[in-house]
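Worksheet: one structure, shown below.
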Amino acid sequence: MQLKNHAPSGALLASLLVAPQVASAFYLPGVAPTTYKPGEQVPLYVNSIRPVAAPDALLHSVVSYDYYQPHFQFCQPEGGPKSVGESLGSILFGDRIKTSPFELKMKQNETCKMLCPTTYKQGVAFYVNDKIRQGMSLNWLVDGLPAGQRIKDELTGTEFYNPGFLMGQVDGDDKAIFNNHYDILIEYHEVSGNPDQLRVVGVLVQPESKKYTKDIPKESTDICLSNFEPLELKEDGETKVQFTYSVYWIPSQTAWATRWDKYLHVFDPKIHWFSLINSAVIVVFLTLTVMSVLVRALRKDIARYNRLDQINLDDLSGTSALEDGVQEDSGWKLVHGDVFRTPSYPMLLSVFLGNGAQLFVMTGFTIAFALLGFLSPSNRGSLGTIILFLYTILGFVGGYTSARIYKSMGGEKWKMNIILTPVLVPGIVFGTFFLLNLFLWAKESSGAVPFTTMLVIILIWFVISVPLSVTGSWLGFRATAIEPPVRTNQIPRQIPPVTTYLKPVPSMLLVGILPFGAIFVELYFIMSSIWFNKIYYMFGFLFLCYGLMILTCATVTILMVYFLLCAENYNWQWRAFLAAGASAGYIFVNAMIYWASKLSLSSFTGSVLYIGYSALISFLFFILTGSIGFFSSWWFVRKIYSSIKID
């Protein structure tokens, strides 16, 4: 995340929200710069091999692989590759960073350096060619920067660096061409003009395919500069391959603090801005309309109800007429004796709400940290790490909220509530994650989370999160119960039939589409970031969309509950939760449309992974938005029933 460092104090908030890409930027606490002297070794690390696709092309795979998987037969450093320390979030997101045989020395150009020769046999060649057709790309890291390729956005004419470079390409005859030579272009910057203090500010790789016709002597320094035929791996025989690379150091005026700017690019930014502003205007207009309707209607209702209570009871005819008028106008007061009746399955609802509150606070803190630059792309895996950390320590919030809600509903199985709150929803998430991870293990994917990491997650869950949740539940049950503003009748009131739009399914469809509309545009960019391995950094837009979603979710759910109570239906608790949570259904449908329009997955495993992770994200969004809808409706119902006089 990048922030403007020359914005005036009065426009600081605006620059934080709407200026995620600027020419001058700085990073808050993250990775300190590394300074090299001329001739000093600059390590080049290799990361997982991942699928990529051009902006207008289809993605053919979502499975990543280890760089040194035996099938690829890439050259290894002496003594074998060694793993580089990674954060927990980096491991969960599929990073597998290891050492490489490439030798890079600061400011020293190298031409046609030899790597290992290897021979691709029939079965291996078929495997590699298949990965080339799937658009697999190599991912290298130099001083924390991803090695990429320079791409020009035809729409805006701007150039940017796209992380990763293709393992090969497919020619016009559908033949797979294998890249075995790499021109490594490294941009460096002198600190304060000091030639002995140099920093890496950009990395480009230009891969080429060269079919060397004879063995190349190691002392050769210009053989790779000649023109060679493209190299094809024979699927019906053996193919000898010689790997080579060249290194070129290029001086640059780019400062270290702004070196990520060239990697951060948004295709078609005008459409992005137009869609976001359009959504914001619609959402704000809708919110103001809903608020004005509710305030006017409720003020009128409350005034009439309170006036009814003051009428002389001797004037029976007048009272009867006024009551008829009130009942025709609105019937929400008629259910005052049932509106706070315990809903069905209070245990499940309270557990969902506790986890929803936990997700709500976690999401807010995560976006706030990202907005302030703590989750900059230079901190690999920082997003996953902070999400896991926040969700763990916020178990206290989940336990406390669940206990208070369950106690207010008159629940008596407090021990079961204490157990289910930190176990049910996280258990569903972890179980689904573990099941999908089995498919990655079966495919020998580098994206498969190691078993030891799984044990670490379980340990964090039960040693930190569960005790915090239990502590929160214990304090919640010890606190005074939240008393309703009106008494609940012993005998439930009969619920009359409701109109079509207030029935469960139609109301869910109507309410759920509005929060989804508030985040639809940003959701597209997030999906592209996840599945197309792009860097997501527009947290200012995400902050705005999150606020619009909360506002929309709360207002439309309150409106639905108001109409439901006017129809004398007092079962609002689950209806509010499910109606607001229905936006998750639209997210899942959108993911399926994205699957059909942007992806062309060639394997069953890829399809299972995509559908499984989409369902998992939708489930968490269901818990989040459902909780927002419930708590806003709960506040609304308590507010209106505490504002009238009840005999």
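Remark: F365 CZ is loosely packed, at most 12 non-hydrogen atoms of other residues, nucleotides or ligands lying under 6.0 Å away. Counting heavy atoms of neighbouring residues, nucleotides and ligands inside a 6.0 Å radius, atom CG of L438 exceeds 12 of them.
Taking each heavy atom of Y641 and V486 in turn, the nearest pair found is O-CG1, 3.8 Å. Contact detail for L424 and V351: the closest heavy-atom pair is CD2-CG1, 4.0 Å. Residues M347 and K413 approach most closely at CE-O, 3.3 Å, considering heavy atoms. Scanning both residues, A576 and G629, for their nearest heavy atoms gives CB-O, 4.1 Å. Contact between P343 and L349 at its shortest, heavy atoms only, is CG-CD2, 4.0 Å. Closest approach of A579 to V511, counting heavy atoms only: O-CG1, 3.7 Å.
In this structure, V339 and W332 have side chains that are not in contact, with every pair of non-hydrogen atoms separated by 4.5 Å or more. With a 4.5 Å cut-off on side-chain heavy atoms, Y586 and L509 count as touching. For the pair W595/M592, a side-chain contact is recorded, criterion being any heavy-atom separation below 4.5 Å from C-beta on. For the pair Y546 and E522, the minimum side-chain heavy-atom distance is 4.5 Å or more. No side-chain heavy atom of T432 sits less than 4.5 Å from a side-chain heavy atom of F619. Looking at heavy atoms from C-beta onward, L542 lies in side-chain contact with I526 at the 4.5 angstrom threshold. Annotation: side chain of S473 is not in contact with side chain of Y406 (no heavy-atom distance under 4.5 Å). The shortest side-chain heavy-atom distance between V397 and M362 does not fall under the 4.5 Å cut-off.
In this structure, R341 contributes its side chain and N571 its backbone to no donor-acceptor pair below 3.5 Å. Not one N or O on the side chain of T401 forms a donor-acceptor pair closer than 3.5 Å with the backbone of G398. Although no hydrogens or angles enter the test, the distance criterion places no donor-acceptor pair under 3.5 Å between the side chain of S465 and the main chain of F462. The main-chain N or O of S633 is never found under 3.5 Å from a side-chain atom of R638 such that the two would form a donor-acceptor pair. At distances below 3.5 Å, not a single donor-acceptor pair connects side-chain atoms of Q573 with backbone N or O atoms of S344. Under the 3.5 Å distance criterion, the side-chain polar atoms of D338 are matched with a main-chain donor or acceptor of R493. Using modelled atom types, one side-chain atom of S402 and one backbone atom of S350 make a donor-acceptor pair closer than 3.5 Å.
Separating the OG atom in S618 from the CG atom in N590 is a distance of 9.0 Å, to the nearest 0.5 Å. We find the OH-CD1 distance between Y570 and I495 to be 4.0 Å, quoted to the nearest 0.5 Å. In this structure, CH2 in W635 is found 6.0 Å from CD1 in I558, a value given to the nearest 0.5 Å. We find the CD1-OG1 distance between I386 and T366 to be 6.5 Å, quoted to the nearest 0.5 Å. Of the inter-residue distances, the one linking L375 atom CG with I367 atom CD1 reads 10.5 Å to the nearest 0.5 angstrom. Distance check: T625 OG1 to I587 CD1 gives 7.0 Å after rounding to the nearest 0.5 Å.
The aromatic rings of W461 and F430 sit tilted relative to each other, their planes meeting at an angle between 30° and 60°. Note on ring orientation: taking the six-membered ring where Trp is involved, the planes of F352 and F577 are parallel (angle under 30°, cut-offs 30° and 60°).
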Practice task
Please lay out, stage by stage, how L390 and F369 fare under the test side chain to side chain contact (heavy atoms under 4.5 Å, CB included).
Solution key: CA-CA 11 Å; L390 288 175; F369 282 139; 4.3 Å; yes

Exercise for the section: Could you walk me through whether L348 and W574 pass the side chain to side chain contact (heavy atoms under 4.5 Å, CB included) test, one step at a time? Expected result: CA-CA 10 Å; L348 182 62; W574 273 109; 4.0 Å; yes

Exercise for the section: Evaluate side chain to side chain contact (heavy atoms under 4.5 Å, CB included) for V637 paired with F340, printing each intermediate quantity in order. Expected result: CA-CA 9 Å; V637 172; F340 291 103; 3.7 Å; yes

Handout entry: Chi angles and distances behind the side chain to side chain contact (heavy atoms under 4.5 Å, CB included) call for Y594, Y610
Key = CA-CA 10 Å; Y594 191 89; Y610 181 82; 3.5 Å; yes

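Between F630 and W572, a ring centre-to-centre spacing shorter than 6.0 Å is recorded. Separation of the F516 and F520 ring centroids falls under the 6.0 Å cut-off.
Of the listed residues (L523, L359, I519), just one forms a side chain to side chain contact (heavy atoms under 4.5 Å, CB included) with F621, and that residue is I519.
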